[in-house]
Protein chains: 2
Amino acid sequence: MSLTADAADKPTLYKRIRADIEKRILTGEWPPGHRIPFEHELVARYGCSRMTVNKALSELAQADLIERRRRAGSFVRRPQHQSAVLKIADIRAEITALGRAYGYELIGRKLRAATAADRDRLGVKKAGKVVAITCRHSADKVPFAVEDRLIDLSSVPNAATADFSREPPGSWLLHHVPWTEAEHTISAIVADDRTAEALDIAVGAPCLVIDRYTWRSARTITAVRLLYPGDSHRLVARFKGG
Amino acid sequence: MSLTADAADKPTLYKRIRADIEKRILTGEWPPGHRIPFEHELVARYGCSRMTVNKALSELAQADLIERRRRAGSFVRRPQHQSAVLKIADIRAEITALGRAYGYELIGRKLRAATAADRDRLGVKKAGKVVAITCRHSADKVPFAVEDRLIDLSSVPNAATADFSREPPGSWLLHHVPWTEAEHTISAIVADDRTAEALDIAVGAPCLVIDRYTWRSARTITAVRLLYPGDSHRLVARFKGG
DNA sequence: TTGACTTATATGTCTAGACATATAATCGTA
DNA sequence: TACGATTATATGTCTAGACATATAAGTCAA
């Protein structure tokens, strides 16, 4: 077994080319707008075939680190500050990862025909059945977040009979619904009476709100609102640097 | 000019293969864990060379949609809910994109040797000079966000002489510093007197807080805290679906 | 049953070509 | 000078092979 870095193991040629270029970009030696050597120049420098350097450059382009233009060449892209990777873990996983005891409590569950408000929230037009779930997550017996969720049963019929009294709906969905897309909206509110009681905080205390809307290839799956105590909870997002 | 989708233009073969597979994954026809046809099977199905299907599968792997294992085959990966792409635009770009008039006002600027608090905030050990900037961004004359920033001059010496009275420091950095990495921490607070006044909101109103810490290959560049009125501003994060 | 060895196989990387295509640069013309 | 046609060129895609390598699966002995 080797304790050295992967890079030292035995990088293949195209990976070495990619890493060489990536390093020059990250260190700023090649600033945004800088033209990267042409493929035929890299072919000469590394003594390999064009397909090999092409693979290296294609991957850098797929990672948005460079931009390739026919006839013109390849150029270092400007950093795109507007794109960052936000880690929003499954709450249970998040709490257990912190080494704290996870607690879950189902507050309410209702199966009903979608009301106008439900349809609006899910972004669907046709009427159908939904499950509405309210629950609470806690860490070491302290309220961590309250969850208010709507599941579209026309997309996830199994959810009608799933037992959410022990398994949180988020975890259940993660294991029963294939690859999904989602949109998160983050905002801040101050706790009203009901929220304050559920989270065991003072009325008027700040709360972080995450609204997550999930779909799979144009089909709505679920809409969920999570409320966290704003002063204790922090969302960490790491910039996507390639 | 064509108004049809790019896909209809004239997709190359490897892109068609990639799109075909992507579609089956996104629709759930091939759920997580499903084995994708072997390369030689796809070669037979599409009547092309192995390099062509290899390119399609490699890109899907780079996008984390599939996982490839030697001898075993290629498999659909589980969705990774914990990773979402958070769009944090440059504030000026964000406001102008909304079709509103961007306003900028420099409140304070100080050049000083880094205090202990500064070093702590920037995560550096060595003493050095820093610029501290406080400013306000507005949309249609209404306060949009207040910014409190620290720039490490040992990494960005030019910032010492940059004119931040007209150009916001975020925009300036975006154009003068090459590719960077950053970490964002999002939280919620309630406005204190000073914040309330700067944002023209009530004391006790909710505020969304973004702390952004930026570096470039292990070198600290800047630390910034942005305060937004919590009820009007919303951060939108789109799940990374490939 | 377990562990060690062998083998088959799918992916990983690479080559030396080929033709396609978008477009920057040049040249010629009005 | 401005505009339109031509040309050169860098990237985009693809082929038909090759050998490398990790590893699942099978084989055999302890």
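In what follows, every chain begins at residue 1, and chains take the letters A, B, ... in the order their sequences are listed.
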Sequence-distant partners of B:L98, side-chain contact (heavy atoms from CB on, under 4.5 Å), two or more places apart: B:R100

Carboxylate-amine/guanidinium contact A:R69 A:E67, below 4.0 Å: yes

For atom CZ of B:R35 and atom C1' of D:dA24, their distance in whole Å: 13 Å

Just the atom pairs and distances: protein N or O near nucleotides 5-8 of chain C's N or O, under 3.5 Å.
residue, atom, partner, partner atom, Å
C:dA8, N3, B:R71, NH1, 2.8

Side chain to side chain donor-acceptor pair (under 3.5 Å) involving B:T161 - partner list, sequence neighbours excluded: none

For B:F38, all residues meeting ring-ring contact (aromatic ring centres under 6.0 Å, His included), sequence neighbours excluded: B:H40

Residue whose nearest DNA chain C nucleotide is more 5′ - B:S74 or A:A72: B:S74

side-chain contact (heavy atoms from CB on, under 4.5 Å) against B:T220, all qualifying residues, sequence neighbours excluded: B:L122, B:V124, B:D152, B:Y213

Dump the pairs, protein N or O against N or O of nucleotides 12-16 of chain C, anything under 3.5 Å, distances to one decimal.
residue, atom, partner, partner atom, Å
C:dG12, OP2, B:R68, NH1, 2.5
C:dG12, O4', B:R70, NH2, 3.0
C:dG12, N7, B:R50, NH2, 2.7
C:dG12, O6, B:R50, NH1, 3.2
C:dT13, OP1, A:K15, NZ, 3.2
C:dC14, OP1, A:L13, N, 2.6
C:dC14, OP2, A:Y14, N, 3.1
C:dT15, OP2, A:S49, N, 2.8
C:dT15, OP2, A:S49, OG, 3.0
C:dT15, OP2, A:T52, OG1, 2.4

With B:W172 via ring-ring contact (aromatic ring centres under 6.0 Å, His included) - residues at least two apart: B:F164, B:H176

A:V224: partners by side-chain contact (heavy atoms from CB on, under 4.5 Å), with sequence neighbours left out: A:E147, A:R149, A:R212, A:L226

Nucleotide D:dA24, atom C1' - distance to CZ of B:F75 in whole Å: 10 Å

ring-ring contact (aromatic ring centres under 6.0 Å, His included) against A:Y14, all qualifying residues, sequence neighbours excluded: none

